[in-house]
Every structure is written in C-alpha cells, then in structure tokens.
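As the structure is a computational prediction, the values presented were derived from the model and not from experiment. Order of the sequence lines sets the chain letters (A, B, ...), proteins ahead of strands, with each chain counted from 1. The basis for the numbers below is simple: all heavy atoms, side chains too, and nothing from hydrogens, waters or symmetry mates.
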There are 2 protein chains.
Amino acid sequence: MKRPASWQAIRTEALRRIHTGLWSPGARIPDEAELAAEFSCARATVNRALRSLAEDGLLERRRKGGTRVPTTPVRKATFEIAIIRQDIEGRSQEYGYRLIDDRLAAPPAEVLAEFETSRDVVLRHVTALHFAEGRPFCLEDRWLNPQIVKMGEVEFGTLSANEWLVRNIAYSGGKIGFHALAADRDAAGKLECAEGAALFAIERTTRNPTATITFVRLTYAPGYRMEAKL
Amino acid sequence: MKRPASWQAIRTEALRRIHTGLWSPGARIPDEAELAAEFSCARATVNRALRSLAEDGLLERRRKGGTRVPTTPVRKATFEIAIIRQDIEGRSQEYGYRLIDDRLAAPPAEVLAEFETSRDVVLRHVTALHFAEGRPFCLEDRWLNPQIVKMGEVEFGTLSANEWLVRNIAYSGGKIGFHALAADRDAAGKLECAEGAALFAIERTTRNPTATITFVRLTYAPGYRMEAKL
DNA sequence: TGGCAAATTATGTCTACACTTATTTTTCGA
DNA sequence: TCGAAAAATAAGTGTAGACATAATTTGCCA
C-alpha cells in the first residue's frame, strides 16, 4: 500500500470488506492501530474512515468494545428539506403562492400537544397554497406561536410563512413525519383534486430551546413524490 | 476561554452565533485560523466543529471561498430504514410474515427502467405480507435480479426477502422514494382496508456497482407514519 | 481591454503523539 | 463463590505542524 491512502480510500476498502463478507456481520474488525499499520497511515486517518462509515450505519463502534459490522444494518436515508419555492423552482417550474387565511384561533388537541402548553391558548393559524405552473402544489396548514411570530408584525401575504421562518427564525430541533391521508372536502377543493384522493403529507414541529415555534402540515397534490439517495 | 473547548463546545457556540444572527445569513464567518485563535485550540478542532455543522446543512464551506451561513438553509432529515420486522418489534408488537407469491415474470415498464436492462428480461417477482399483532402491516412487492438471487437457491417462505437481502447482499447505493397512493382492489384485499384508501408507500431501488439488485414497493396499511428527528 | 498565468488564500487532509474516557477483563480479598 | 477494585484495552479527542487542493485575485502581456 504505497499510495498515500486517503481516508476515503480506506473507507472504500472497508466498505468492500463489509460487502464481500470478509468482515462478516457481527464480527469484530481489526482495531484502529492494526488497520493504520496495514494501510501504513496514521491512526487518525483510519479513525476518520471508520467514523464516517459508522455515521452511515454501516459499522458500530464502542469504546473498548471495538468496531463491528452490525448484523442487521439500519440504513440511513437523508432527505433534504428545502423551502417549497426552491423545491418547485428546482424542477424548473413557475412558483406561485396565495395566502388563504391568517388569524388567531384555538388549535385542535393534537396541535396543542405539540406546543406542550396549557389549554385555552390561542395560536396564530396560517393557511396558504403553493402553486407550481399555476396549479395547486401544496397546501400549508400552519400553527404559529404568537409570542414568537406576532400578528401584525409579520405578514404572509406575499412571502410564505414557510420561507419567512426558514430565513428569520432560529431553530434548535424538532421532528418530522410523513404519512398518507385521504383528501377531505376542504383539501380537495383547494388542491383541485377528487375528494378522497390519496395525498402525501408532511407534518413538522419546530422548536427552539425554550418553546415550540411552529407546527405545520404540508399536504401535497396527488402525484407528489419525495426522493432521496441511499 | 480556558476550558479545553472540545469540538462540540465550539460547534454549540457556532450554532448559537448562527441562531442569534451574530453570524448573519449569507455572511462569511471568520476563517478557521481566526476561530482557533479565539477559542485557543488547534485549527483541526475548529475544522471538526465546522465540518460537522456543514454536514448538517447549517454552514456552507468552500475552499478559498471560506465558510458562510446559507441564506436558505436546506435542512436535512435522516431516516433510519430498518428491516420491517425490526420496525414492528420496535413498537413491541408481534411480527408475522407470509409469502404470497414467488415466481419469474416479466416486469412492467417502470420496473424494467430501474434495472436498466434490455426488454424481454424475466425477473423474480416476490410478493409477501408483513403482519403486526396479526393484522396486515405492510405489503411487499419486490422484483429481484435472478442472476443475483437465484430461484431455488434462496427461498422466502419463512424469512422475508426484505430481511434476507439486508443480511446477505452487498449494496453500494440506490434510491428511495415516498409517496401516497390509493389502494387498488388487490392491495385493499391483502391489507384488509377499503378500496381507494390512502396508503403510504416506499419504493426503493438497490444496486451494487455492476447491476440493479432489487426494486421493491412497500405499501403500508392505513395509519402508518414514518418519523424522524430534525 | 481582454484573457491567461501566477500568486494568494482558506479549507481539506494527513501525521505523530499524547491524553481521556468508557468498558471489559482480570485479579484478589471477603 | 461472589463481588469489588484494579488493570488493560480500544475508541474518542486534542495539538502542532505540514502539505494538498481548489478557487479567487492579481498582474502581466498581447
């Protein structure tokens, strides 16, 4: 092994050994020092390669325990969650936006639960439609923490809440969920599809360290597909 | 800054500066050497912290160009794609499996496209049901490359193809897509739901460097939700 | 003025070493 | 024999320095 053997080369070789079964599932692989000797490089370089594989779920590493190939690898798929406008423009389609409603209202129970707050709280409820090539693309049904995004101070008439938030609000975490739902009368009307049509929906909760900022359900018009590479 | 300031501490501090707008979107942040001086640590430690943030989409880094805060951050959500059995057992539910069909057949055009092969090819078509607590959970409709997974050599009567493949076949890449679809008569019957019900489906293509190994569509019974943290 | 080449610069990567921390294994005493 | 303390081990992290690489900027020449 005369070539400088970058960490990527080591990663590739390690991947090959996993794939060919040379390093079999459940088995412990040589420790970093041994591999460093084999590839005649520094241990840190081996560490970089193995850490990278571990981040992708292809290896499991524990102090002292050593590094092993998981018996049942849990593959990880990373999705890029872009602003809806970017998503549409990325398809070379014309983006459109229309605010439907923006008012304070009492949220349903499941939304309230996401805000982990007392009952009788009033949240800012924003409804809007995103268009691609003039046709309804995505229905945005959003609940905002009015203490963070105040009525009157910020309007979503031309810039969507989706975009405004990404640009202006700090976040620290949250969760996202995908599911399928049947179009109810309201959604069907807005998305111009048949009632009962199967729609793809994303629900997302965004928090900062102190409070929940927003909960949103994005319901996509029929035919939407979310893709990622493995 | 007397504490050794681990790379995670630097990451956290950098995150804070992004969130508070101290490092504003689009602006270039101090280079690694400067930050290393500020935190009185080695440049490699700063590098580790900033690289970590860049991997999460919170910073953009380019050689020479320096590091900057993206104006429209593209959040990344990582989903763990587990074996279906693990998914169900992880919910403390009883897993069940039944093979429905396993035969060589001519695939439809859209499947053929994933295999990037000539027409008139015959693939191995496996259909199976996964159960949770005795109720249909997920319908597996899979096309396999018969040169890789040969009829007769491997049977999926008790161990699902889903699981067998994860354990036995090397992969190098592929793609995954999520969408919603309406239950057709066949799916409705197998999943014991109403025809036309909105179902969540995952389509996955898995390749090795040489050929496509398998294409699978997993159609989940109504109510399924796929979740991830942000 | 236009364009190509060279200098500059910030990140990317590697090395060799040291020290830390989590965990297992061993040892030894009750 | 059990259990707690000690030793051993493998990964995790940090440092200082060096060189590599990509991209921008500068400067020169036509």
Side-chain angles (χ1 to χ4, degrees), chain A residues 1-15 17-18 22-71 73-74 76, chain B residues 1-15 17-18 22-71 73-74 76:
Chain A
M1 198 113 318
K2 44 181 84 146
R3 292 275 311 289
S6 71
W7 70 269
Q8 306 218 29
I10 295 175
R11 186 191 198 279
T12 302
E13 172 59 15
L15 204 49
R17 293 184 186 184
I18 294 169
L22 208 159
W23 287 347
S24 49
R28 210 165 130 169
I29 74 171
D31 67 37
E32 295 187 347
E34 276 180 69
L35 290 172
E38 180 190 337
F39 295 118
S40 48
C41 68
R43 190 171 73 88
T45 307
V46 173
N47 180 283
R48 181 87 163 82
L50 299 189
R51 181 156 41 77
S52 158
L53 284 170
E55 280 167 4
D56 291 348
L58 280 98
L59 286 177
E60 279 175 356
R61 324 193 71 202
R62 284 166 58 197
R63 280 191 184 172
K64 165 71 182 177
T67 300
R68 51 186 66 230
V69 183
T71 48
V74 175
K76 293 180 181 172
Chain B
M1 198 116 313
K2 44 181 85 146
R3 292 276 309 290
S6 72
W7 69 269
Q8 307 217 28
I10 296 175
R11 186 191 197 277
T12 302
E13 172 59 17
L15 204 50
R17 294 184 185 182
I18 294 168
L22 208 160
W23 288 347
S24 49
R28 213 167 126 166
I29 73 170
D31 67 38
E32 295 187 347
E34 276 180 69
L35 291 172
E38 180 190 338
F39 296 117
S40 48
C41 68
R43 189 170 73 87
T45 307
V46 173
N47 181 284
R48 181 92 161 78
L50 299 188
R51 179 157 41 79
S52 156
L53 285 169
E55 278 167 5
D56 291 348
L58 279 96
L59 285 177
E60 278 176 356
R61 324 194 71 204
R62 285 165 57 194
R63 283 189 183 173
K64 164 71 179 178
T67 300
R68 53 187 64 229
V69 183
T71 47
V74 175
K76 292 178 181 171

From the options [options], select the nucleotide whose nearest atom is closest to the side chain of [X].
X      : options                   : answer
A42(B) : dC14(C), dG12(C), dT15(D) : dT15(D)
N47(B) : dT11(C), dT9(C), dA10(D)  : dT11(C)
C41(A) : dT13(C), dA10(D), dT15(C) : dT15(C)

- prompt: Hey, mind stepping through T45(B) and I10(B) against side-chain contact (heavy atoms from CB on, under 4.5 Å) and telling me if it holds?
  reply: CA-CA 8 Å; T45(B) 307; I10(B) 296 175; 4.0 Å; yes

Looking at [X] and [Y], would you say the former's side chain and the latter's main chain have a donor-acceptor pair under 3.5 Å?
X      : Y      : result
R28(B) : R68(B) : no
T12(B) : Q8(B)  : yes
D56(A) : L58(A) : no

Is the phosphate of [N], meaning OP1 or OP2, less than 4.0 Å from a side-chain N or O of [X]?
X      : N       : result
R48(A) : dC14(C) : no
R63(B) : dT13(C) : no
T45(B) : dT15(D) : yes
Q8(A)  : dT13(C) : yes
T67(A) : dA11(D) : yes

Once you round it to whole Å, what is the distance between [atom2] of [N] and [atom1] of [X]?
X      : N       : atom1 : atom2 : result
R68(B) : dT11(C) : CZ    : C1'   : 13 Å
E34(B) : dT11(C) : CD    : C1'   : 14 Å
K64(B) : dA6(C)  : NZ    : P     : 18 Å
F39(B) : dT15(D) : CZ    : C1'   : 17 Å
I10(A) : dT13(C) : CD1   : P     : 13 Å
L35(A) : dA11(D) : CG    : C1'   : 13 Å
W7(A)  : dT15(C) : CH2   : P     : 14 Å
D31(A) : dT23(C) : CG    : C1'   : 15 Å

query: Start at the 5' end of DNA chain C and walk down; is the nucleotide closest to A44(B) or to P30(B) reached first?
result: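 That would be P30(B).
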
query: Taking atom types as they are modelled, is there a donor-acceptor pair under 3.5 Å from the base of dG12(D) to the side chain of R43(A)?
result: yes

- prompt: Less than 4.0 Å between a side-chain N and a carboxylate O, is that true for E32(A) and R61(A)?
  reply: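 Counted as a salt bridge, because a side-chain N and a carboxylate O are separated by less than 4.0 Å.
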
message: Among residues at least two apart in sequence or on other chains, which ones pass salt bridge (Lys or Arg N to Asp or Glu O under 4.0 Å) with E13(A)?
response: R16(A), R17(A)

query: Can you find a pair of side-chain heavy atoms, one from I18(A) and one from I29(A), that are under 4.5 Å apart?
result: no

field: pair T67(B)-L53(B): side-chain heavy atoms closer than 4.5 Å
entry: no

query: Going by heavy atoms closer than 4.0 Å, what residues in residues 54-62 of chain A are next to DNA chain D?
result: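 Nucleic-acid contacts, sorted: R61(A), R62(A).
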
query: How would you label the contact of G66(B) with the nucleic acid (heavy atoms, under 4.0 Å): base, sugar-phosphate, or nothing?
result: sugar-phosphate

